[in-house]
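The structure appears right after this line, and notes come after that.
Sequence lines set the chain letters: A, B, ... in the order given, protein chains first and strands last, and positions in each chain run from 1.
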Protein chains: 2
Amino acid sequence: MDLTHKFLANVSVDCVIFGFDFEKLNVVLVEREYDDPATGETIIRDYTLAGYHIFEDEDLDNAAYRILKDRTGLENIYLEQFATFGKTDRVAKEMDHLWLKVIDKGFADRVLTVGYFALIDSTKVKLFSHDSKIDWFPVDDALTMDLAFDHQEILQKALDTLRNKVRTEPIAFELLPECFTLTQLQNLYQAITGNIIDKRNFRKKKLQMPFIVPRTEKQDGVAHRPARLFHFDRNIFEQTRNERFGNLF
Amino acid sequence: MDLTHKFLANVSVDCVIFGFDFEKLNVVLVEREYDDPATGETIIRDYTLAGYHIFEDEDLDNAAYRILKDRTGLENIYLEQFATFGKTDRVAKEMDHLWLKVIDKGFADRVLTVGYFALIDSTKVKLFSHDSKIDWFPVDDALTMDLAFDHQEILQKALDTLRNKVRTEPIAFELLPECFTLTQLQNLYQAITGNIIDKRNFRKKKLQMPFIVPRTEKQDGVAHRPARLFHFDRNIFEQTRNERFGNLF
DNA sequence: TACTTTATATACTTTGTAAATGTATTAATT
DNA sequence: AATTAATACATTTACAAAGTATATAAAGTA
């Protein structure tokens with residue numbers, strides 16, 4: 001192997017952090033603001049995914065876990081690498097931005113970004129950011145917002161990957177609390193895929209899956225008949241993995 | 001964004017080139033040999049995937065296309081990025097190798113590799129290599145051979161991705177000549193998935209797929225009843241994409 | 001040459017299972 | 001009592017699984 005024209009690149013990791021509020025799918029975005037030094041007015045406001053460059057002695061996966069922990073405080077979270085973005089012009093959008101005037105010229109270098117998506121139970125998570133605003137946004141909105149760099153493309157690819165994977169792998173449960181109702185699970189699948197699912201068949205199918213385990217507790221604090229709660233048993237799922245063929249919903 | 005501890009990495013692309021010989025799935029491997037300067041004996045012989053580092057002004061995808069063209073002479077080939085490998089110790093295996101004595105120390109640096117897999121009609125392809133042997137190997141064999149670096153892991157991941165994707169996307173046809181028999185197509189799916197498929201139902205299902213188009217020609221040169229030939233029509237497939245739900249086979 | 005053998009391609013049928021759809025009842029709150 | 005959603009069960013329809021039969025080529029054989 002000829003290493004004579006060896007070329008070195010910046011490497012960063014971007015985390016697409018997905019959450020579910022029992023209605024729609026959300027994603028974590030970090031706000032960027034820049035005030036014009038002369039007038040003091042806010043000139044730029046856009047959003048980025050949660051990202052950071054990797055450290056020299058750090059595995060890619062660990063960088064993603066670090067970023068996730070910095071932003072959510074959470075550990076042992078479902079995290080999956082889905083794509084790497086390395087177009088030579090991927091920071092070109094930034095060139096037209098005033099950002100270039102205030103930040104390190106390092107941005108002008110070539111930057112590779114490895115994309116990860118995280119699935120978290122967002123119901124009780126508090127988001128952290130030392131210097132900028134950070135918040136949840138509906139994914140549908142985020143796809144039309146002004147995102148920095150190629151974060152639009154990264155988000156879209158993360159969503160596509162999630163939509164695909166959720167059909168055959170039991171990852172949807174990562175977005176729900178430990179106990180959930182079948183309606184909540186159905187709403188989640190609908191939010192991810194964008195399709196509506198027939199309730200009767202969805203229930204019938206789920207009830208005969210041995211890894212969807214009913215609990216004695218019932219739903220609480222709702223203004224109608226409370227639903228039975230369930231939890232997902234990963235062990236049973238793995239034991240019965242070969243018996244399955246088609247969709248999980 | 002703080003860029004004070006900016007870190008630069010080597011970036012390379014590895015291509016997992018898949019082919020099909022109407023019996024089994026094959027993959028392209030490049031042989032590495034090193035002769036002991038003292039005795040002249042071959043000390044090391046192992047195999048790598050087709051890979052090379054990226055150029056400074058080159059998109060990741062283009063690097064993959066370049067590597068593929070250098071090795072096969074082919075253009076306009078199905079190529080898909082499937083994962084990026086960035087463990088800090090991913091070249092550690094090489095440390096125990098005598099290779100380190102004869103090559104640039106650059107290998108000791110951290111190297112990120114972006115994995116792509118290519119699907120080609122291998123029936124009429126000639127492989128190129130200026131300095132080393134290059135050949136097709138059955139994937140099953142390759143998975144137990146001595147592959148360099150973490151190429152074992154990369155190959156396995158490529159195979160997993162192919163196995164998954166082939167269920168819902170019409171990429172299997174990339175491994176066949178333009179015209180093929182239904183038996184060849186069935187054998188291909190069996191080779192990829194490792195499962196046997198019922199011939200009667202496979203045929204019935206395929207014959208009612210409008211994008212599997214029968215041709216007037218028949219199979220030639222076989223010592224039994226010649227089969228009808230078909231081709232895959234991508235336009236029809238795309239037009240009828242929403243009508244589909246389940247497996248493609 | 002004529003006939004048989006061999007190997008695979010191809011067609012059609014029956015059966016079992018799961019999805020799609022229709023209808024009814026239950027259990028909580030307001 | 002009205003409202004809202006949860007839950008149960010039955011019927012119909014579609015498709016996959018599995019059984020059986022026939023067609024068409026080359027190659028072998030009398």
Show each protein N/O and nucleotides 14-19 of chain C N/O combination with a separation under 3.5 Å, one pair to a line.
| from | atom 1 | to | atom 2 | distance (Å) |
| --- | --- | --- | --- | --- |
| C:dA19 | OP1 | A:Lys205 | NZ | 3.2 |

All heavy atoms of B:Ile17 vs all of B:Trp136, minimum pair found to be O-CZ3, 3.6 Å
Considering only nitrogen or oxygen atoms on both sides, find all protein atoms under 3.5 Å from nucleotides 4-11 of chain C and state each distance.
| from | atom 1 | to | atom 2 | distance (Å) |
| --- | --- | --- | --- | --- |
| C:dA9 | OP1 | B:Thr183 | OG1 | 2.8 |
| C:dA9 | OP2 | B:Thr183 | OG1 | 3.2 |
| C:dA9 | OP2 | B:Lys199 | NZ | 2.1 |
| C:dA9 | N3 | B:Arg225 | NH1 | 3.1 |
| C:dT10 | OP1 | B:Arg228 | N | 2.9 |
| C:dT10 | OP2 | B:Arg203 | NH1 | 2.9 |
| C:dT10 | OP2 | B:Arg203 | NH2 | 3.3 |
| C:dT10 | O5' | B:Arg203 | NH2 | 3.1 |

- Task: Answer yes or no: is there a donor N or O on one side and an acceptor on the other, between the side chain of A:Arg32 and the main chain of A:Leu147, under 3.5 Å?
- Result: no
Note to self: Could you walk me through whether A:Tyr47 and A:Phe137 satisfy the ring pair (Phe, Tyr, Trp, His ring centres under 6.0 Å) test, starting with their C-alpha distance in whole Å, then the side-chain angles of each, then the deciding distance to 0.1 Å, before giving a yes or no?
What the structure shows: CA-CA 11 Å; A:Tyr47 300 87; A:Phe137 293 83; 5.2 Å; yes
Residue set satisfying side-chain contact (heavy atoms from CB on, under 4.5 Å) with A:Gln239, at least two apart, ordered chain then number -> A:Asn235
Chain A reaches DNA chain D, atoms under 4.0 Å from its heavy atoms, from D:dT4 to D:dA10
Item to complete: Indicate whether the side chain of A:Tyr116 and that of A:Asp61 have a donor and an acceptor atom separated by less than 3.5 Å.
Response: yes
Across all chains, not counting sequence neighbours, the side-chain contact (heavy atoms from CB on, under 4.5 Å) partners of A:Asp59 are A:Asn62, B:Lys87, B:Thr88
A:Lys24 meets the salt bridge (Lys or Arg N to Asp or Glu O under 4.0 Å) criterion, sequence neighbours left out, with A:Asp21
Bend of the helix from C:dT1-D:dA30 to C:dT30-D:dA1 from end-axis comparison, five pairs per end, nearest 10°, comes to 10°
Sorted by chain and residue number, the side-chain contact (heavy atoms from CB on, under 4.5 Å) partners of A:Lys133 (sequence neighbours excluded) come out as A:Glu31, A:Glu33
Salt bridge (Lys or Arg N to Asp or Glu O under 4.0 Å) filter on A:Arg200, not counting sequence neighbours, yields A:Asp198
Across all chains, not counting sequence neighbours, the side-chain contact (heavy atoms from CB on, under 4.5 Å) partners of B:Thr183 are B:Thr181, B:Asn187, B:Lys199
Show me, pair by pair, the donor-acceptor contacts under 3.5 angstrom made by side chains of residues 225-232 of chain A, not counting sequence neighbours?
| from | atom 1 | to | atom 2 | distance (Å) |
| --- | --- | --- | --- | --- |
| A:His231 | ND1 | A:Arg215 | NH1 | 3.1 |

So salt bridge (Lys or Arg N to Asp or Glu O under 4.0 Å) across residues 158-172 of chain B, not counting sequence neighbours, yields B:Glu80-B:Lys165, B:Glu169-B:Arg241
